[in-house]
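A short write-up of the structure that comes next.
Not measured: the values here are computed from a predicted model.
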2 protein chains.
Amino acid sequence: MEEGTLKSPGHCEVTTGQADEYGDTDPYQWDAREDCEVRQILDRVADKWSLLVIALLDRRVWRFSELRREIDGISQRMLTVTLRQLERDGLVKRTVHPVVPPRVEYELTALGRTLHTTIRSLVSWTEHHQGEIAAARADYDVREAAVRA
Amino acid sequence: MEEGTLKSPGHCEVTTGQADEYGDTDPYQWDAREDCEVRQILDRVADKWSLLVIALLDRRVWRFSELRREIDGISQRMLTVTLRQLERDGLVKRTVHPVVPPRVEYELTALGRTLHTTIRSLVSWTEHHQGEIAAARADYDVREAAVRA
DNA sequence: CAGAATCCGCATGGATACTG
DNA sequence: CAGTATCCATGCGGATTCTG
């Protein structure tokens, strides 16, 4: 598990890899710097499974195996990793019931619910425009095939 | 030559057809199926570089090397791949000026601009809550360290 | 049931060299 | 300048096994 080096918000510090000398000021603080905290958070949100998990958790409380069954294609390992990351970020609350067999339940925190609103709009956009995207892809593929021929 | 349309190497190729129309617009139908088109699009949008590129392109028209310089940490290869994907999806328009040396400019399409609105809100959320997330992480790490000890 | 731990295949993506 | 092509290291993530 990677140790996220955390600095105060706004302070940029290189996590891993070479630092190199930066120096110029960036008009848009959030974007370019890969050591920028906002980018780290975006990377977390914009990962393969997080969006799915958050969207599901918004509906109700889920048990681990329920999520596993519901999310098609996720491995047990990745579900665990994803849930831990979201829990660490304060987006998901994990509740262990001391019973046998174990019963662990997951739900969104208040913070997680605010994020869900945004995610919801992203999903909505995708739903609304999937036709246009499919058309654009088909168009692109045809044109590229023509060039290649 | 790698193609972006690669599915995850899982076994779940239920309906490998392009599924042009699922018919239903159920708000909560998008999630589970990994063959769902919405999920494929989300995977594209939610990748490491796409968000960054789209956000930059909304500002103005950019040349290739400008983007390369601006996006810290991206390799020339990944910038090319990302731009091609976005172009294929109809989100980015690529204009080649037949001059020497070559001049290629990138900008958002109308479709891309509609997505930018959503992305902008995602970035805003991140900016707004990065403090809370940092605190949650610190809290989590402390507690985990305590357990481990 | 929920997960931790382990092994490891292979896609992801960086570095380099070459081209129009 | 704006790519393409190639090689190759890294690590993501799947499969499996073991535990409380």
Item to complete: Compare the minimum distances between each of C/dG3, D/dG14, D/dG3 and the side chain of A/Arg94, then state the nucleotide with the smallest one.
Response: C/dG3
Worksheet entry | Value rounded to 0.5 Å, distance of CD1 in A/Ile41 from CD in B/Gln130 | 5.5 Å
Discussion item. Can a donor-acceptor pair be found, under 3.5 Å and without considering hydrogens, that links the side chain of A/Trp49 to the backbone of A/Ile74?
Written reply: no
Practice prompt. Give the rounded distance in Å between these two atoms: CZ of A/Arg84 and P of D/dG13.
Written response: 17 Å
Practice prompt. Give the rounded distance in Å between these two atoms: CD of B/Gln85 and C1' of C/dT12.
Written response: 12 Å
Practice prompt. Would you indicate which nucleotide in C/dG14, C/dA2, D/dC1 comes nearest to any side-chain atom of A/Val104?
Written response: C/dA2
Response to the item:
Comparing nearest nucleotides in DNA chain C, the 5'-proximal residue of the pair A/Thr80, A/Arg77 is A/Thr80
Practice prompt. Find the distance A/Met78:CE to D/dG11:P and express it as a whole number of Å.
Written response: 15 Å
Worksheet item: Counting any heavy atom closer than 4.0 Å, what does A/Arg68 reach on the DNA or RNA strands: base, sugar-phosphate only, or nothing?
Response: nothing
Fill in: Angle of first-five versus last-five pair axes in the helix from C/dC1-D/dG20 to C/dG20-D/dC1, to 10 degrees
40°
Fill in: ring-ring contact (aromatic ring centres under 6.0 Å, His included) against B/His129, all qualifying residues, sequence neighbours excluded
B/Trp125
Worksheet item: Hey, is A/Arg120 close enough to A/Glu127 for a salt bridge, meaning N to O under 4.0 Å?
Response: yes
Practice prompt. Could you tell me the separation between the CG atom of B/Asp72 and the P atom of C/dG14, rounded to a whole number of Å?
Written response: 12 Å
Worksheet entry | Nearest-Å distance for atom pair CH2/C1', residues B/Trp62 and D/dA2 | 17 Å
Discussion item. Under 4.0 Å between a side-chain nitrogen and a carboxylate oxygen: does that hold for B/Glu144 and A/Arg84?
Written reply: no
Item to complete: Among D/dG13, D/dA2, C/dA4, find the nucleotide with the atom closest to the side chain of A/Gln76.
Response: C/dA4
Worksheet item: At under 4.0 Å, does any side-chain N or O of B/Arg103 touch on OP1 or OP2 of D/dA2?
Response: no
Worksheet item: Among C/dC1, D/dG14, C/dG14, which nucleotide sits nearest the side chain of A/Pro101?
Response: C/dC1
Practice prompt. Whole angstrom is fine here: how far is it from CG in B/Leu79 over to C1' in C/dT12?
Written response: 16 Å
Worksheet entry | Qualifying residues under side-chain contact (heavy atoms from CB on, under 4.5 Å), relative to B/Asp139, sequence neighbours excluded | B/Arg143
Practice prompt. Take atom CZ of A/Arg63 and atom C1' of C/dA2, then tell me their distance rounded to the nearest Å.
Written response: 9 Å
Worksheet item: With respect to the phosphate group of C/dA2, does any side-chain polar atom (N or O) of A/Ser65 fall under 4.0 Å of OP1 or OP2?
Response: yes
Discussion item. Less than 4.5 Å apart, side chain to side chain, heavy atoms only: is that true for A/Leu122 and A/Leu51?
Written reply: yes
Practice prompt. May I have the distance from A/Trp49 (atom CH2) to D/dG14 (atom P), rounded to whole angstrom?
Written response: 6 Å
